[in-house]
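Every chain is numbered from 1, with letters handed out A, B, ... down the list of sequences. Model, not experiment: these values are computed from the prediction. Quick note: numbers below take in every heavy atom, side chains included, and nothing from hydrogens, waters or symmetry partners.
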2 protein chains.
Amino acid sequence: MIRILLVDDDSKIRDMVTEYSQAESWLFDKAANGIEALRLMEKHSYNLIILDVMMPGLDGWGTLRRVRQDSDIPVIMLTARDEEYDRLLGFELGADDYIGKPFSPRELIARIKALLKRSGAYDTVREVIEARSLFIDTSARQVKLADNTLTLTPREYDLLAFMAARPGQAFTRDQLLNHVWGIDYVGDARTVDSHIKSLREKLGPERELIATVWGTGYRFEGGKNR
Amino acid sequence: MIRILLVDDDSKIRDMVTEYSQAESWLFDKAANGIEALRLMEKHSYNLIILDVMMPGLDGWGTLRRVRQDSDIPVIMLTARDEEYDRLLGFELGADDYIGKPFSPRELIARIKALLKRSGAYDTVREVIEARSLFIDTSARQVKLADNTLTLTPREYDLLAFMAARPGQAFTRDQLLNHVWGIDYVGDARTVDSHIKSLREKLGPERELIATVWGTGYRFEGGKNR
DNA sequence: CAATATTGTGTTGAATTTGTGATAGATGAA
DNA sequence: TTCATCTATCACAAATTCAACACAATATTG
């Protein structure tokens, strides 16, 4: 079971969120401020916490700070404004995601799902991606070429798995950076090339599975499309 | 390619929006009511839908309900008033954002951008443009002629994809420069001719798909017109 | 028909993009 | 701590693309 703590002083928002997420069969606990939230956290453990920034008493930042003292629970912050300063402060304090008010419940739910998935709260569905003689076991994070197991570095694996899951689609280097490295990563786009290079090296005879899309980026040639 | 469906019974609004968004090189399809919109959605997939609430026949709410039955496409609603009731009804039905009429095109464009961005993938819709024996896979950036894959340069591809997505429409060289090369490109308009030439060469038997419009520019003959 | 305007095409040096090896710093395990 | 990866970035070579130009071919006009 997935248990989520929603902390917001506005009861309308609390009700709205729980109502529109009924289809997900998550268990919601609600708190109106940071103090209440911390009390609940002593009693229960949560898969995810949603924290409003502006609250009377202990606000969202203070609560987040306390939460991070002894846990890595995924946290989504609700900020009134979408200001750069808030985002930076939040990342520094260890928030995992953001939503600016007003938001649509649909969006919040989508982000909850994404974050739960990322944190591994859902049992990963065992899925094996096949392409020619390449087999990618996504739950084991293991890649086989014919009968040999390849030893890929984490980045190499993530990059390969991401592209192989979307065969036939061309990605720009920036898209790959966003999806594989993370949305807030800043750095040289050519870094992607380096990892593509070492991937191709390890793929050996199947190196052609990763095609260069000139002027754009790369594409995994998987035969089967989505 | 980013493809957007704009549904509004007021043709003035339809024209205004497409005009102001020229710099974005999005592909707009337009419909005057829900029925038309649903018909278009059967034929194409969209990155985003903009729905006017007040329309004769099938209105915005009804259309939204139908859309949500089988897709998660981001939807922006155009409401005449900015009433709380409308917002709540819309969220319940699964709208992603709102904009109250009258609105500034600038604001709508900003919201479209924001929604495309946070809808995760600022990625292209998977769509294959067909014309005779030519197949253009816009997400793979790949073009097939019958069964052979053509190797186009980036410019050639962009030019072909842009024109083929708007069959039957004549473009001046300047328009093509603006849309394909970019709004701030300066250079000889005849450069377009060079690329048209090499495209025709590679199209071989289907070279006639690109027609010369004397005194104006070029047109892609796609059969189906929009 | 001739004169003019517009488009087609081959060529080419410059510019852009990608492949690759080297390397220093970061990270994490022993 | 030391050691062994891993990672990002750089620089240079190789591959590819591009814009522009000149001239040929074709269409339009009067």
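In this model, the phosphate group of dT17(C) is not approached by any side-chain N or O of R173(A) to a distance below 4.0 Å at OP1 or OP2.
Among residues two or more places apart in sequence or in another chain, the side-chain hydrogen bond (donor to acceptor under 3.5 Å, both in side chains) test is passed with T151(B) by none. The side-chain hydrogen bond (donor to acceptor under 3.5 Å, both in side chains) search around T191(B) returns none, not counting sequence neighbours. Remark: R219(A) engages E221(A), Q142(B) in a side-chain hydrogen bond (donor to acceptor under 3.5 Å, both in side chains) (not counting sequence neighbours). D193(A) pairs by the side-chain hydrogen bond (donor to acceptor under 3.5 Å, both in side chains) definition with R173(A), R190(A), Y218(A), not counting sequence neighbours. Scored by the side-chain contact (heavy atoms from CB on, under 4.5 Å) test, R3(A) finds L27(A), D29(A), H44(A), Y46(A), N47(A) as partners (sequence neighbours excluded).
Note on K30(B) versus D15(B): salt bridge recorded, some NZ/NE/NH1/NH2 to OD/OE distance being below 4.0 Å.
Between the side chain of R166(A) and the backbone N or O of F162(A) there is at least one donor-acceptor pair closer than 3.5 Å. In this structure a side-chain-to-backbone donor-acceptor pair under 3.5 Å is missing from R65(A) to R68(A).
Between the axis at the start and the axis at the end of the helix from dC1(C)-dG30(D) to dA30(C)-dT1(D) there is an angle of 40°, using five pairs per end and rounding to 10 degrees.
With a heavy-atom cut-off of 4.0 Å to chain B, the contacted part of DNA chain D has its first and last nucleotide at dT17(D) to dT28(D).
Less than 4.0 Å separates DNA chain C from at least one heavy atom of each of the following residues of residues 195-209 of chain A: K197(A), R200(A). Taken residue by residue, residues 152-160 of chain B places heavy atoms nearer than 4.0 Å to DNA chain D at T153(B), P154(B), R155(B). Heavy-atom distances under 4.0 Å link DNA chain D to Y185(B), G187(B), D188(B), T191(B), S194(B) of residues 182-194 of chain B, given in residue order.
Interatomic distance, L64(A) CG to D59(A) CG, rounded to the nearest 0.5 Å: 10.0 Å.
Residue pairs that meet the salt bridge (charged side-chain N to carboxylate O under 4.0 Å, His left out) test with at least one member in residues 40-55 of chain A, sequence neighbours left out, are D52(A)-K101(A). Applying the salt bridge (charged side-chain N to carboxylate O under 4.0 Å, His left out) definition to pairs two or more places apart or across chains, those involving residues 144-163 of chain A are R141(A)-D158(A), E156(A)-K202(A).
What separates CZ of F171(A) from P of dT18(C) is a distance of 16 Å, to the nearest Å.
Side-chain contact between L115(B) and I76(B) is present, with at least one heavy-atom pair separated by less than 4.5 Å. Within the 4.5 Å cutoff, the side chain of S133(A) has heavy atoms near those of the L145(A) side chain.
With P74(A) as the partner, the side chain to side chain contact (heavy atoms under 4.5 Å, CB included) test is satisfied by one option alone out of L116(A), I4(A), I50(A), D96(A): D96(A).
Residue-level contact check: T216(A) touches the backbone only, with heavy atoms under 4.0 Å from sugar-phosphate atoms and none from bases.
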Any chance you could lay out the side-chain contact (heavy atoms from CB on, under 4.5 Å) test for F171(A) and V213(A), step after step, and finish with the verdict?
CA-CA 8 Å; F171(A) 294 99; V213(A) 185; over 6 Å; no
